[in-house]
2 protein chains.
Amino acid sequence: MESTIAPPVKGRPREFCVDKALAEALHVFWAKGYDGASMTDLTEAMGITKPSLYAAFGNKEALFHKALDLYEAEKLEYTRAALQQPTARKVAEYYLRGGVDVHAAEGEPHGCMGLMSSLACSPEAESIKADVIRRRASSQRALVERFEQAKREGDLPAHIDAEGLTSFLYAILQGITVQAGAGATRAELERLVDTSLALWPSK
Amino acid sequence: MESTIAPPVKGRPREFCVDKALAEALHVFWAKGYDGASMTDLTEAMGITKPSLYAAFGNKEALFHKALDLYEAEKLEYTRAALQQPTARKVAEYYLRGGVDVHAAEGEPHGCMGLMSSLACSPEAESIKADVIRRRASSQRALVERFEQAKREGDLPAHIDAEGLTSFLYAILQGITVQAGAGATRAELERLVDTSLALWPSK
DNA sequence: GTCATTATATACCGCCCGTTATGGAAAGCA
DNA sequence: TGCTTTCCATAACGGGCGGTATATAATGAC
């Protein structure tokens with residue numbers, strides 16, 4: 001999964017690895033949010049200077065979008081795996097337990113990078129918020145379709161509102177990331193997940 | 001409910017109403033979050049100058065704490081009324097419908113002021129985050145006790161985990177405020193509430 | 001009228017923000 | 001050896017931040 005296609009042969013070679021620098025930037029954005037992450041925070045974590053950052057990534061906003069791509073590809077991969085679970089209940093369980101694993105992991109920032117960066121953002125970060133909302137809507141659409149399929153396949157009662165159930169599942173996931181960011185322990189989050197699954201509709 | 005006890009008789013009289021200015025500050029903090037609200041935003045909305053603000057409220061942080069007091073007293077009053085509902089289900093319904101009413105009201109900022117100000121905050125705003133978390137924990141404790149009471153009174157099954165159920169209810173409420181802030185319509189939020197209540201445990 | 005006290009208005013402080021201009025260093029090519 | 005190209009390092013830019021010093025205006029007390 002190399003992002004560089006053809007290495008430029010002319011000129012002074014780059015002295016840092018773009019992918020590693022982006023991974024460091026991801027951690028900073030994840031821990032502090034878009035507005036909270038300063039260029040100094042980013043360059044220090046990435047181990048490069050500001051002109052190098054601008055030459056390699058464009059600007060702070062472009063860097064964030066690339067970091068968000070990486071976040072979705074690496075950290076939110078479980079949301080795609082969840083959709084392939086055999087029943088709606090298992091989809092939900094995969095979603096919630098995956099959410100706890102990722103957003104309350106030891107050695108990583110607690111909370112959701114997208115939510116942190118989009119909930120309260122400065123006027124110049126409106127495009128960040130719009131990007132996060134667009135990606136979230138896309139993910140929710142896939143979940144609605146998965147629950148419609150579950151209704152056709154009979155593992156979800158026919159009277160269930162697939163969109164309402166998707167909003168519901170997403171709300172719990174958002175609550176998990178909020179409470180994780182506020183310092184909730186893993187055990188507390190697992191009790192929340194267990195309670196949620198105990199209430200999940202069954203045929 | 002006058003906050004001024006004894007009006008100072010000496011010196012030049014104040015030319016603005018402290019309570020009205022605080023209400024305006026509340027709206028700014030609510031719409032933009034603590035970090036996102038600049039002193040210029042605040043003074044312009046309050047109709048006063050910076051020295052007047054500092055003389056009357058101390059500094060930005062003290063102003064926020066007072067605005068949060070007002071927010072809890074006026075906007076979150078429904079959470080106290082909810083605890084007095086006769087059954088656990090009605091407590092939950094009051095909580096969720098009240099949350100939609102307050103956090104997706106027309107003419108007011110959408111989303112939760114506390115959550116916006118505490119989820120992603122700068123290092124100097126850590127005390128803000130700690131205050132919000134402390135208040136939230138206090139509110140959750142009351143909810144746990146209310147659900148324990150419901151178990152004793154028999155309108156909640158005995159096997160229910162009151163703390164898990166409280167985290168669960170709070171997660172949905174947090175999801176409501178997040179989705180309201182992201183632009184969800186009132187109808188969408190009401191479907192989320194209806195779905196949540198349909199799954200609520202019954203005796 | 002004079003004084004002490006409090007509020008207002010203007011201008012300013014040092015600091016950090018995201019971004020960029022400038023000059024030199026390291027590579028391939030001729 | 002130039003020449004071009006690309007990258008690195010330093011330092012600076014204009015602007016906004018939270019907070020404040022200074023001077024003036026408006027009141028009650030005497």
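The chains referred to below are lettered A, B, ... by the order of the sequence lines, with proteins before strands, and numbering in each begins at 1.
Remark on DNA chain D: of its neighbouring residues Ala37(B) and Pro13(A), the 5'-side contact belongs to Pro13(A), judged by nearest-heavy-atom nucleotide. DNA chain D is contacted by both Asn59(B) and Arg12(B); Asn59(B) maps to the nucleotide lying nearer its 5′ end (nearest heavy atom per residue). With DNA chain C read from its 5' end, the first of the two nearest nucleotides for Asp41(A) and Gly58(A) is the one closest to Asp41(A).
Here dC7(D) presents its C1' atom at 7 Å from CD of Glu15(A), a figure rounded to the nearest Å. For Phe64(A) and dG18(C), the CZ to C1' distance is 16 Å, given to the nearest whole Å. Distance Leu63(B) CG to dG19(D) C1': 14 Å, rounded to the nearest Å. If you measure from atom CD of Glu61(B) to atom P of dC17(D), you get 18 Å, rounded to the nearest angstrom. Look at CD on Glu124(A): it is 9 Å from P on dG18(C), rounded to the nearest Å. When rounded to the nearest whole Å, the span between CG of Asp35(A) and C1' of dG16(D) equals 14 Å. Between the CZ atom of Phe57(A) and the P atom of dT19(C) there is a distance of 14 Å, given to the nearest Å. Atom-to-atom, NZ of Lys32(A) to C1' of dC17(C) comes out at 13 Å; the value is rounded to the nearest Å.
Thr195(B) and Asp161(A) share no side-chain donor-acceptor pair at under 3.5 Å. With 3.5 Å as the limit, one finds no donor-acceptor pair spanning the side chains of Glu188(A) and Ser167(B).
Regarding contacts with the backbone of dC17(C), a side-chain N or O of Ser38(A) is found under 4.0 angstrom from either OP1 or OP2. Taking only side-chain nitrogens and oxygens, Ser52(B) comes nearer than 4.0 Å to OP1 or OP2 of dT8(C). At the phosphate of dA27(C), neither OP1 nor OP2 sits under 4.0 Å from any side-chain N or O atom of Lys10(A). For dA7(C), the OP1/OP2 oxygens have a side-chain nitrogen or oxygen of Arg14(B) closer than 4.0 Å. For dC8(D), the OP1/OP2 oxygens have no side-chain nitrogen or oxygen of Thr49(A) closer than 4.0 Å.
Under the 30°/60° scheme for interplanar angles, the aromatic rings of Trp200(A) and Phe147(A) are found to be tilted. Ring-plane geometry between Tyr34(A) and Phe29(A) is classed as parallel, the angle between the planes falling under 30 degrees on a 0 to 90 degree scale with a further cut at 60.
Both tests pass for Arg14(B) against the ring of Phe16(B): distance under 6.0 Å to the centre and angle within 45° of the axis.
For Pro51(A), counting side-chain heavy atoms from C-beta on, the closest listed nucleotide (dA9(D), dA21(D), dG19(D)) is dA9(D). Each of dT20(C), dA7(C), dC7(D) was ranked by its minimum atom distance to the side chain of Lys50(A); first place goes to dT20(C).
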